[in-house]
Number of protein chains: 2
Amino acid sequence: MPTLFHSPMSTASRFVRLILTEYGFHADLVEEQPWEKRREFLALNPAGTLPVYLDDNMRSLCGPYVLAEFLDETHGVLKRDRRLLAEDPFQRAEIRRLTEWFLQKMETDVTRPLVRERAYKLQMSTAQGGGPPDSKLLRTARSNVHQHMKYLEWLAGSRTWLAGDRLSYADLAAGASVSILDYLGEINWLEAPIAKEWYQRVKSRPSFRPLLAERVPRLAPSSHYADLDF
Amino acid sequence: MPTLFHSPMSTASRFVRLILTEYGFHADLVEEQPWEKRREFLALNPAGTLPVYLDDNMRSLCGPYVLAEFLDETHGVLKRDRRLLAEDPFQRAEIRRLTEWFLQKMETDVTRPLVRERAYKLQMSTAQGGGPPDSKLLRTARSNVHQHMKYLEWLAGSRTWLAGDRLSYADLAAGASVSILDYLGEINWLEAPIAKEWYQRVKSRPSFRPLLAERVPRLAPSSHYADLDF
């Protein structure tokens, strides 16, 4: 069976796991600690990014961008109205723009610093950079959460799904990021009622179940994390 | 005519300009200073990334990932052996992996800090963060140059072009990054003779000419920057 190297608090890993499940793929999950930079892992993916998919012929596919495009070309294209990319090139461009927004911009502004400070540092040794969170970094990331939730609220209010009429990669990328922030209790849902309604729909998909059942060592999720009706 | 908002020292802008010229597109070039964050520009692309392509119907396409995929779908697919992405999904994955390597990893480790410290800070006001370069950041980026040139040397030595037998997006992404570092005189070509032979081939393409003729205010290029036989 193919293997997916992933990490539970990595947005890109969650994103690809959601795609695989939506498309009915089975892969063995192997947890990789992003801060460890294992030699064997770097041999698979010199960039060191997660996730990495290793197929039955030991060919590796590295990172969410390569994987999402590969899965669309080899499987999405056959899925008709369950395809997670559109057919029209401009519509595809909009899905990709938003996917990149959540996997890159929101990641840099918000998700990566919060995960690092609040989750990874609990698990890292002192030599690896572990320890208490840096309160200045937390403050900056938290003030960025509001801006990103405003944009999500606007998108959710203007369209049925974030990039248009159909569930797409954009929703899975946003859902991956939001689910991590929600685990950490960093989202004030009262501020974003339309985004909340969108997230309830995303979160209720069967593909989300495994993510909602996972727990990070030494860090309990927010009380409503796994509730579909929160 | 369509418009491309770009910046001469932005790797992603150079990458997309190379694709457009290779495919015979004409676009008006409008220079955008990446540090200015103009409101009108952010209205076109909320992520604020370069380049942005505005077509004749005022539809915008944002950033190198969206643009490269869009141009492949709408034009590359008709180019047969001049197509800059392959036909085989695994080969496409390898081209995308390397394109991302040069536009993301090499950019973060090397090109962005060197451009910011050595070129942008010369043009920015003090309020914008201008001033002399930070010598610690320069030192780190310069030590990363060696690692990246080693990888480029290895790639150039193993394949005709970086991702295989044909010129691809990977070569244009690498060429975009390398040409900026070469402008800044940051590459020791004696250390990388095979990469040098590859770069001579890339640099000799007609699509490279406009880039080699450009100059950045207050910063002269290295003496061999525009030489095809350096």
Side-chain angles (χ1 to χ4, degrees), chain A residues 12 42 44-49 52-55 57-77 85-109 112 147-148 150-152 154-155 163 169-170 173, chain B residues 12 42 44-49 52-55 57-77 85-109 112 147-148 150-152 154-155 163 169-170 173:
Chain A
L42 291 177
L44 280 179
N45 180 10
T49 49
V52 171
Y53 183 86
L54 200 61
D55 80 358
N57 299 314
M58 300 296 281
R59 287 180 294 199
S60 62
L61 294 163
C62 306
Y65 158 52
V66 163
L67 271 157
E69 296 294 338
F70 180 87
L71 291 168
D72 182 64
E73 289 164 2
T74 54
H75 296 82
V77 77
L85 257 178
E87 280 71 42
D88 171 68
F90 274 99
Q91 186 56 30
R92 291 164 74 82
E94 178 62 359
I95 293 172
R96 290 188 179 113
R97 179 183 77 81
L98 289 174
T99 302
E100 193 180 26
W101 176 276
F102 295 107
L103 296 184
Q104 294 276 346
K105 185 154 176 61
M106 188 163 175
E107 186 70 9
T108 309
D109 294 350
R112 188 182 302 139
Q147 298 307 316
H148 278 275
K150 259 193 212 169
Y151 191 49
L152 190 64
W154 180 81
L155 288 171
Y169 281 162
Chain B
L42 291 178
L44 278 180
N45 179 11
T49 49
V52 171
Y53 184 86
L54 200 62
D55 80 357
N57 298 314
M58 299 296 280
R59 288 181 294 199
S60 61
L61 294 163
C62 305
Y65 159 52
V66 164
L67 270 158
E69 295 294 337
F70 180 86
L71 291 169
D72 182 63
E73 289 164 1
T74 54
H75 295 82
V77 78
L85 258 179
E87 280 72 42
D88 171 68
F90 274 99
Q91 186 56 29
R92 291 164 73 82
E94 178 63 358
I95 293 172
R96 289 189 179 111
R97 180 184 76 81
L98 289 174
T99 302
E100 193 180 27
W101 176 277
F102 295 108
L103 296 184
Q104 295 277 346
K105 182 148 177 65
M106 188 163 175
E107 186 70 10
T108 309
D109 294 349
R112 188 182 302 139
Q147 298 307 315
H148 278 275
K150 258 192 213 169
Y151 191 49
L152 191 64
W154 180 80
L155 288 171
Y169 281 162

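Chain A is the first sequence line, chain B the second, and so forth, proteins listed ahead of strands; every chain is numbered from 1. Treat the numbers as computed from the prediction; the structure is a model and nothing was measured. Note: hydrogens, waters and symmetry copies are ignored here, and every other heavy atom, side chains too, is used.
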So, do B:D55 and A:F90 sit near enough that their side-chain heavy atoms are less than 4.5 Å apart? yes
Taking the side chain as C-beta and beyond, is there a heavy-atom pair between B:R96 and A:E69 under 4.5 Å? yes
In Å and rounded to the nearest 0.5 Å, what is the CZ to CD distance from B:R59 to A:E94? 12.5 Å
Please round to the nearest 0.5 Å and tell me the distance separating atom CG of B:L61 and atom CZ of A:R97. 10.5 Å
Establish, for the pair B:R92 and A:F70, whether the NZ or CZ atom is under 6.0 angstrom from the six-membered ring centre and no further than 45 degrees off its axis. no
Using non-hydrogen atoms and a 4.5 Å limit, figure out which bit of B:Y151 sits close to chain A: side chain, backbone, both or neither. side chain
Of the listed B:A47, B:A93, B:G48, B:G63, the one with the largest count of heavy-atom pairs under 4.5 Å with chain A is B:A47
Which atom pair, heavy atoms only, marks the closest approach of A:P46 to B:K105? O-CE, 4.3 Å
Closest non-hydrogen atom pair, A:C62 against B:E100: O-OE1, 4.4 Å
The interface call for B:Q104 against chain A, heavy-atom contacts under 4.5 Å, is side chain
